[in-house]
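Structure first, commentary second.
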Amino acid sequence: MEEDQEALDLAADWADISQGLRKDLGHQLHGQWIKPIQLGTFCKETGTLDLFLPTEFSANWVTDRFADRLSLAWKIARPDVKHVRILVHPGRRLPELRLGNGGDLRLPANDRDQHAQVSGGLSLGGEEFGAIGQGTVGIDPSLTFATFVTGTANVLACNAAQRMASTEKPQFSPLYLKAATGQGKTHLLHAIGHAYLSNHPRARIFYCSAERFMVEFVQALRQNQMIEFKARLRGFDLLLVDDIQFIIGKASAQEELLYTIDALLAEGKRLVFAADRAPQALDGVEPRLLSRLSMGLVADMSPADIELRRKILESKLNKYASLDVPEDVVEFLARTITRNVRELVGGLNKLIAYAQLTGQEVSLQLAEEQLTDILSANRRRITIDEIQRTVCQFYRVDRTEMSSKRRARAVVRPRQVAMYLAKVLTPRSYPEIGRKFGGRDHSTVIHAVRLIEDLRQRDADMDGDVRSLLRQLES
């Protein structure tokens, strides 16, 4: 009976945690990665809770992206949970990755030396710690400058980040990375940590989110350990704080962060902050802290344009060399998933995982079927009227030609391009599109779509025209 009650209590706590993560991450990410998690056993003696996922791919992804959040959430819900392990269902073993006190990433003993080098061996006073005094913080080994894809949208931020990690003293500090959700600012924070450690092997590096900073600050305050908290925090050579917008309104924490920034800058230490808005847009931040955050370099990271989205997809596909992903699928994803890079890569990963698990070939039809939620969230409502107007301006034909019966080549080809774009960019069916083009039969629309698809493969000029029109319509 006691075991049954324990299982019920764990299930209730997990329901609350899962609901909170759904609010934080959104329906799509939660449904894709958090919802499939199943509770495993909880060992009271060691305080270890097992969480199971169906595949090694999903377990690795959740470990890389959400391990810290999951551990922190469980510690808040149940103080007796000290470690959280994210594993594959029994029968398929993952290398053990454990979340220790405070959500710190711990590896099995035979891997710890290698991990200490990756994380900088964050030692201070003979004690290893990362999240202000506890455990070893692992900087994601996959998030390096080598794996960061650059384009016009993010090249300034990337160059500034590389300068911050170099052996030479940076011209600016702090560096403030400003980008909307999922555009790569967290990647750059990890990359700075890796590169700085490579250039300064004995460096002490602190990486955390502002939310995590707040939790540690409150814990230190409650446990009367503020002196230790301050001493440890100010002992680092490189300070990396993500999502600084979450420190808004916390007066005491803001004051401590302000003093820490001043102390580290006075000693020539390096500081990097990241947020989803500019410093001036951080409501509720003390003016003195605001001035410190903006006194160095504020580097914007704009949403990735279609060329950068293509490059990102191609770079990710290098990991799946044995899997054939057609070019039209890559183009479809790059053109359709435009809100942020995280959704773009998540969509690709979901598509590949589904194809591998079911044995199906990756195709445009499969992408449309399996990525419905992502695609619908990203599609801007482009109308057929808008498409016709843009195509007529591009080819310099009268708008009435879209519905006319004229069959001159100078009129037919723009009309066919408009039909093709209507099918690609809108959810309208072939008959619905035909009605918008002078009541034409659905077979006429099908013929136009197939013809333009074929011409794009054989005629560079036609492909260039379509790409140009797509950029205009999607901008």
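Scope of the values below: all heavy atoms of this structure, side chains included, with no hydrogens, waters or symmetry mates. A quick note: this is a predicted structure, and the numbers were derived from the prediction, not measured.
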- Message: Is there a side-chain contact between Phe52 and Val88 in this structure, where contact means two heavy atoms from C-beta onward sitting under 4.5 Å apart?
- Response: no
- Message: Looking at every non-hydrogen atom in both residues, tell me the closest pair between Ala191 and Thr144 and how far apart they are.
- Response: CB-C, 3.6 Å
- Residues pairing under salt bridge (Lys or Arg N to Asp or Glu O under 4.0 Å) where one sits in residues 336-347, two or more places apart or in two chains, turn out to be Arg339-Glu343
- Message: Quick test of your reading of the model: are Arg234 and Glu256 salt-bridged, counting only N-O distances below 4.0 Å?
- Response: yes
- Message: Give me the atom names and distance for the closest heavy-atom approach of Ala165 to Ala195.
- Response: CB-CB, 3.6 Å
- Item | With Lys350 via side chain to side chain donor-acceptor pair (under 3.5 Å) - residues at least two apart | none
- List in chain and number order the residues that pass side chain to side chain donor-acceptor pair (under 3.5 Å) with Asp50, two or more places apart in sequence or in another chain; answer none if no residue qualifies. Arg85
- Task: Apply salt bridge (Lys or Arg N to Asp or Glu O under 4.0 Å) to Arg310 and list each qualifying residue two or more places apart in sequence or on a separate chain.
- Result: Glu307, Glu331
- Task: Looking only at non-hydrogen atoms, find the nearest pair between Ala334 and Thr338 and report the distance.
- Result: O-CG2, 4.4 Å
- Query: Can you say whether the rings of His190 and Tyr207 are parallel (under 30°), tilted (30 to 60°) or perpendicular (over 60°)?
  - Reply: tilted
- Residue Glu327 excluded, over 12 heavy atoms near CD under 6.0 Å: no
- NZ/NE/NH1/NH2 to OD/OE distance under 4.0 Å, Arg292 and Asp262: yes
- Item | Passing candidate, side chain to side chain contact (heavy atoms under 4.5 Å, CB included) with Tyr176, options Leu297, Ile244, Val272, Leu271 | Ile244
- Residues Arg309, Asp305: salt bridge by 4.0 Å N-O rule: no
- Heavy-atom pair of closest approach, residues Asp324 and Val362: O-CB, 3.8 Å
- Item | Check: Arg270 and Leu239 side chains under 4.5 Å, non-hydrogen atoms | no
- Glu286: what forms a salt bridge (Lys or Arg N to Asp or Glu O under 4.0 Å) with it, not counting sequence neighbours? Arg288
- State which residues pass salt bridge (Lys or Arg N to Asp or Glu O under 4.0 Å) with Asp300; sequence neighbours excluded, sorted by chain then number. none
- Item | Thr63 side chain near Trp61 side chain, heavy-atom distance below 4.5 Å | no
